[in-house]
Amino acid sequence: MRVLLTGGAGYIGSHTAVSLLEAGHDVIVLDNLSNSSPESLRRVQRITGHEVPLIIGDCTRQEDLEKAFQCGSRIDAVIHFAGLKAVGESVSMPLDYYSNNLDATFSLLRVMKKNGCGAIVFSSSATVYGTNETMPLREDFPTGCTNPYGWTKWMNERVLTDCAHADPELRVVILRYFNPVGAHPSGEIGEDPNGIPNNLMPYVCQFASGKLKTFTVNGNDYPTRDGTCIRDFIHVCDLAEGHVSALAYAAEHRGAEVFNLGTGNGYSVLEIVHAFEKANGLELPFRFGPRRAGDIAVCYANPEKAERVLHWHAKRGLEEMCRDAWHWQTKNPNGFRGAQ
């Protein structure tokens, strides 16, 4: 299939491009490069030997989407990654988040319909489960969010599901991510956040490399086995392969389906830190700080539906996640900016 990746130059998008190309698909990317670099796609070509056409444009603009759909041969399916994604920023800039993340999907669905493209895989998030306390989380659990970013994911899920019910030709797969970490084992592509990282693994990597001078673990008084938050960390390459499986499912099944992509294992923040130290032969002196607003104690997936229906499961373990993340960091101390 020929697949359009919106936001495909980003962290998850670039790894998914590699998995798609290795599975024999053709890939084209639309990205406004607000939080990504064209260098990532040059690295994808280096890994796979396949060029990835890049259309620089914005998903909220139908004319930019049309450029992507008119570039080369027919597009068979879309994987929709594009969107603003910082939880804290969404709280201070809610209108920007609702406008951008919803308008992008509205425009995309219209252009897909116009161009006869009937399959979409949507990048959603475990944030749609809100403050559920029953673990592990299943796809049929109640949903609800604690921040505007999460609500944009929830609303997009609703829009896509309703459109699939109204249009018998539309095939929708919604993937609820848990916590992607790691990097491609080549060290060519990885997570390259702007500024101080919001996520644990790139924060640990930048501290270990000396870019950050202090390392604070937010909260050690949660009702967990060591007092720190527990999350379901999944290797980004496993996550990318989940998109390939979802695409195959969307090609054959009408309607809308939701799947968790996680490992089913919950790791605490301290377990991640110690695993990183062990995998890479490092010592990470840290201090405890206050809880971070909005963090819940425990969140991990029940991935049984994805294994049963998509025939997908996470294969890479915690040591591999930590080793590949550090390999990316040491090979690219300044991220993609070091190559420009």
Tell me the closest heavy-atom pair linking Ala68 and Ile28, and the distance in Å. O-CD1, 3.7 Å
For Cys237 versus Pro185, what's the shortest heavy-atom pair and its separation? SG-CD, 4.1 Å
Does the separation of the ring centres of Trp328 and Phe336 fall below 6.0 angstrom?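 Ring centroids of Trp328 and Phe336 are less than 6.0 Å from each other.
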[atom1]/[X] to [atom2]/[Y] distance, rounded to the nearest 0.5 angstrom?
{"X": "Asp64", "Y": "Asp31", "atom1": "CG", "atom2": "CG", "answer": "11.5 Å"}
{"X": "Cys299", "Y": "Glu133", "atom1": "SG", "atom2": "CD", "answer": "12.0 Å"}
{"X": "Ile75", "Y": "Leu30", "atom1": "CD1", "atom2": "CG", "answer": "9.0 Å"}
{"X": "Asn199", "Y": "Tyr11", "atom1": "CG", "atom2": "OH", "answer": "8.5 Å"}
{"X": "Lys153", "Y": "Ser123", "atom1": "NZ", "atom2": "OG", "answer": "4.0 Å"}
{"X": "Ile12", "Y": "His15", "atom1": "CD1", "atom2": "NE2", "answer": "9.5 Å"}

Pair Asn220-Thr228, side chain to side chain donor-acceptor pair (under 3.5 Å): steps then yes or no: CA-CA 5 Å; Asn220 64 339; Thr228 63; over 6 Å; no
Full working for ring pair (Phe, Tyr, Trp, His ring centres under 6.0 Å) between Phe122 and Phe81: CA-CA 7 Å; Phe122 176 63; Phe81 297 108; 9.6 Å; no
Donor-acceptor contact present, side-chain [X] to main-chain [Y], <3.5 Å:
{"X": "Asp103", "Y": "Thr60", "answer": "no"}
{"X": "Lys331", "Y": "Ser186", "answer": "yes"}
{"X": "Asn101", "Y": "Leu84", "answer": "yes"}
{"X": "Thr161", "Y": "Arg158", "answer": "no"}
{"X": "Ser107", "Y": "Ala104", "answer": "no"}
{"X": "Ser124", "Y": "Arg176", "answer": "no"}
{"X": "Glu157", "Y": "Trp154", "answer": "no"}
{"X": "Glu139", "Y": "Asn260", "answer": "yes"}
{"X": "Asn147", "Y": "Val87", "answer": "no"}
{"X": "Arg74", "Y": "Phe69", "answer": "no"}

Is there side-chain contact between [X] and [Y], with heavy atoms separated by less than 4.5 Å?
{"X": "Arg291", "Y": "Asn218", "answer": "no"}
{"X": "Glu241", "Y": "Lys315", "answer": "yes"}
{"X": "Leu33", "Y": "Pro38", "answer": "yes"}
{"X": "Tyr98", "Y": "Trp151", "answer": "yes"}
{"X": "Leu137", "Y": "Asn132", "answer": "yes"}
{"X": "Gln206", "Y": "Gln329", "answer": "yes"}
{"X": "Arg171", "Y": "His253", "answer": "no"}
{"X": "Thr146", "Y": "Thr127", "answer": "no"}

Starting from [Y], can I reach [X] by hopping between I/L/V/M/F/W/Y residues whose side chains sit under 4.5 Å apart?
{"X": "Leu5", "Y": "Val172", "value": "no"}
{"X": "Leu21", "Y": "Trp312", "value": "yes"}
{"X": "Ile55", "Y": "Leu65", "value": "yes"}
{"X": "Leu170", "Y": "Ile79", "value": "no"}
{"X": "Met155", "Y": "Val91", "value": "no"}

Take a 6.0 Å sphere around CD of Glu63 and say whether it holds more than 12 heavy atoms from other residues, nucleotides or ligands.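 Correct, the count exceeds 12.
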Are Asp58 and Arg61 ion-paired here, with the side-chain N under 4.0 Å from a carboxylate O?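 No, Asp58 and Arg61 are not salt-bridged.
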SB check Arg2 Asp76 (cutoff 4.0 Å): no
Over 60° means perpendicular and under 30° means parallel, so tell me whether Tyr177 and His243 are parallel, tilted or perpendicular.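 Perpendicular.
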For the residue pair [Y] / [X], report whether a side-chain donor-acceptor contact shorter than 3.5 Å exists.
{"X": "Asp324", "Y": "His235", "value": "yes"}
{"X": "Glu271", "Y": "His274", "value": "no"}
{"X": "Gln70", "Y": "Asn115", "value": "yes"}

Worked check of side chain to side chain donor-acceptor pair (under 3.5 Å) between Asn179 and Asp232: CA-CA 6 Å; Asn179 293 74; Asp232 190 335; over 6 Å; no
CA sep, side-chain torsions, deciding dist, call: Glu66, Lys114, salt bridge (charged side-chain N to carboxylate O under 4.0 Å, His left out): CA-CA 9 Å; Glu66 287 286 2; Lys114 178 180 175 183; 3.1 Å; yes
Thr143/Phe141 under side chain to side chain contact (heavy atoms under 4.5 Å, CB included): CA gap, chis, key distance, verdict: CA-CA 6 Å; Thr143 53; Phe141 277 19; over 6 Å; no
With sequence neighbours left out, write down each residue that passes salt bridge (Lys or Arg N to Asp or Glu O under 4.0 Å) with [X], or none if nothing qualifies.
{"X": "Arg231", "value": "none"}
{"X": "Asp192", "value": "Arg337"}
{"X": "Lys278", "value": "none"}

Going through the distances and angles, do Arg43 and Asn332 end up as a side chain to side chain donor-acceptor pair (under 3.5 Å)? CA-CA 12 Å; Arg43 304 286 188 87; Asn332 304 273; 3.1 Å; yes
With sequence neighbours excluded, give me every side chain to side chain donor-acceptor pair (under 3.5 Å) pair touching residues 80-90.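 Qualifying pairs: Thr6-His80, His80-Thr105, Glu89-Tyr97.
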Run the side chain to side chain donor-acceptor pair (under 3.5 Å) test on Thr48 and His50 for me, step by step, so that the C-alpha distance in whole Å, both residues' side-chain angles and the decisive distance to 0.1 Å come before the verdict. CA-CA 5 Å; Thr48 65; His50 296 280; 5.4 Å; no
When you look at Val3 and Val78, which way does the side chain to side chain contact (heavy atoms under 4.5 Å, CB included) test go after all the steps? CA-CA 6 Å; Val3 187; Val78 175; over 6 Å; no
Show which residues join Tyr222 in its hydrophobic cluster (side-chain heavy-atom contacts under 4.5 Å, direct or indirect), or state none. none
Members sharing Trp326's hydrophobic cluster (side chains within less than 4.5 Å):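 Trp326 shares its hydrophobic cluster with Val181, Ile196, Leu200, Met201, Tyr203, Val204, Phe207, Leu212, Phe215, Val217, Phe233, Tyr267, Val269, Leu270, Ile272, Val273, Phe276, Leu282, Leu284, Phe286, Phe288, Leu318, Met321.
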